[in-house]
There are 2 protein chains.
Amino acid sequence: MSGSDHGTHGSVAVQSGRAADTVIAELEQQIVTGALENNAPLPAERNLMEQFNASRTVIREAIATLSSRGLIESKPRYRPIVRKPDYVTALTAVGGIVRHLLSEHGGVKNLYDSRVFIERALVREAALSAQKDDIGLLRQALAENESAISDSDAFYATDTAFHGVLYRIPKNPIFPAIHEGYKSWLAPHWEKMLRSPERNLVNFKSHEAIFTAIVERDPDAAEEALVNHLKAAWEYVRVTFDTDQL
Amino acid sequence: MSGSDHGTHGSVAVQSGRAADTVIAELEQQIVTGALENNAPLPAERNLMEQFNASRTVIREAIATLSSRGLIESKPRYRPIVRKPDYVTALTAVGGIVRHLLSEHGGVKNLYDSRVFIERALVREAALSAQKDDIGLLRQALAENESAISDSDAFYATDTAFHGVLYRIPKNPIFPAIHEGYKSWLAPHWEKMLRSPERNLVNFKSHEAIFTAIVERDPDAAEEALVNHLKAAWEYVRVTFDTDQL
DNA sequence: TCTCGCTTTTTGGTATGACCAAACTTATAA
DNA sequence: TTATAAGTTTGGTCATACCAAAAAGCGAGA
């Protein structure tokens, strides 16, 4: 309707400021409600401009924003993909900023400390109220960790997997998401670390101690074992290759 | 310069995909390094297009993206403001997504549980290693909380302030940021709750109990007091106005 | 001299229309 | 049936134009 309204926006921008905001809000809605199917490609821009009666400029801006919010995933020349948000998405959306923060003084240390803090509470919680199947998963993760002692790459994977089980014990999706965050943000600083079967063994022993304490329902022991484990790892990393300004 | 290269982009997009990405990266750099002064307005779009030898489209897209990443704060018709990122910024950047997640089944409950989880660990930590000045701040916050019992609005403020002190004890900027997150995400569900001097008194008593336990260096007691406090509050909110699908 | 209100001048928000190159489709030849 | 070539979207950009609200000047009055 009306092909001649120029700056005088059409029917979309009913209220204030940016028309893009309207489009953003609308698309956001359609995504979360499922009107736009998850993992499906977004309609073509030229379609959207018709649907929203807006210019490509506006549509494009909306897409860019939604993309950086993690609600849609857009590779350079491809059709954007709809991504229904979850806690992991939320975390990765801040990835960029966090990475900057980490590069500042004490950034990595702060993040690592927070991890220690969380996991301390996690193991206490585990010791206090882990279910049978939680223990089972823990035992299994521990076993896999042990059998990978000689293979440093595999060990790293089983190591994080073991810790991952801890994050899943509270049955709260927020924690696994946090774990993902730690993995992706801290990993770069870990991967550079020289691994060896000797150190792997040490770490495995730590895991074992944590596990034992949990099984014995001893939160204090579990916490202590966890702290020793993570503090030692930190010291090792710190001494290994970074001066002290992590 | 060359005023006649059309689709054949100029000198910016040296490599792949989107020219906007280049601009984004560059501006991001300038922001974190301080080349673009913090809290100062961003250069005008028309300047940026000159500086980056890019079209307005691309500049605009970059700005939109940086904005939703929290590196720039842009009100509708005003000049965007440069915001050097901090942990709070990072958190608020995910605010939108989180709000969606909260509206889903159990969303609020999960977030609240995570808060309880964190604060349990926080009070333990406080009981274990709060410094004299930490205790001082706590005492002060408690006093202000007490003197606001009769004024529900003020009480709410002093309440969160008291908890805020807890988040600051570990001297890790990540925790205060998390607290900000909880405040802004959980607040909407709290503000609707009917407050009364009676309930305020109850809550104050809880704070007092927590404080006492911390002063007495009794982490278990502190944790217990905290749990009772928060669980009670949750129950109250839950019973008050929401069925049970928070 | 300082302030308030009125012009200009900027500057953000949008709309159009074009064009290119890479994706995607479809028709065609092997 | 499959490999391939031709044709058609569709995302990425640029250039230009216009509007309205901000911001910056400015000049009269306190």
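Nothing here was measured: the structure is a model prediction, and the numbers come from that model.
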### Summary
Per nearest nucleotide of DNA chain C, the residue lying toward the 5' end, A:Val58 or B:Arg46, is B:Arg46
### For atom CD of B:Glu50 and atom P of C:dT11, their distance in whole Å
12 Å
#### Entry: B:Arg79 side chain near C:dG12 phosphate (N/O to OP1/OP2, under 4.0 Å)
yes
### Query
Can you tell if the side chain of A:Val165 reaches within under 4.5 Å of the side chain of A:Asp134, non-hydrogen atoms only?
no
### Atom-pair distance (CG on B:Leu48; P on C:dT10), nearest Å
17 Å
### Query
Atom CD of A:Glu73 and atom C1' of D:dG11: how far apart are they, to the nearest Å?
16 Å
#### Entry: Interatomic distance where CZ belongs to B:Arg18 and C1' belongs to C:dA21 [whole Å]
15 Å
### Message
The side chain of B:Pro80 is closest to which nucleotide in this list: D:dC14, D:dA22, C:dG12?
### Response
C:dG12
### Message
Looking only at the side chain of A:Ala44 (C-beta and beyond, no hydrogens), which of the listed nucleotides D:dT10, C:dC24, C:dT16 gets closest?
### Response
D:dT10
### Summary
A:Met49 atom CE is separated from C:dG17 atom C1', nearest whole Å, by 10 Å
### Query
Is there a side-chain polar atom (N or O) of B:Arg77 under 4.0 Å from OP1 or OP2 of C:dG12?
no
#### Entry: Nucleotide nearest B:Arg60 when distance is taken to its side chain, options C:dT16, C:dG13, D:dG11
C:dG13
### Summary
Sorted by chain and residue number, the side-chain contact (heavy atoms from CB on, under 4.5 Å) partners of B:Ala44 (sequence neighbours excluded) come out as B:Asn47, B:Arg79
### Message
Using the side chain to side chain donor-acceptor pair (under 3.5 Å) definition, which of the options B:Glu119, B:His179, B:Glu180 pairs with B:Tyr167?
### Response
B:Glu119
### Task
Write down the distance between CD (B:Glu45) and P (D:dC14), rounded to a whole number of angstrom.
14 Å
### Task
Let me know the distance between CG of B:Leu42 and P of D:dA23, rounded to the nearest Å.
14 Å
### Message
Would the base of C:dG17 count as contacting A:Arg56 through its side chain, where contact means a donor and an acceptor less than 3.5 Å apart?
### Response
no
### Closest-nucleotide 5' rank along DNA chain D - winner of B:Thr57 and A:Asn47
A:Asn47
### Message
Contact between B:Trp185 and B:Leu101 at the side-chain level, heavy atoms closer than 4.5 Å - yes or no?
### Response
no
### Query
Quick one: A:Ile59 CD1 to C:dA15 P, roughly how many Å, whole number?
9 Å
### Message
Taking side-chain contact (heavy atoms from CB on, under 4.5 Å) as the definition, give me every residue that meets it alongside B:Ala35, ordered by chain and number, with sequence neighbours left out.
### Response
B:Gln30, B:Thr33
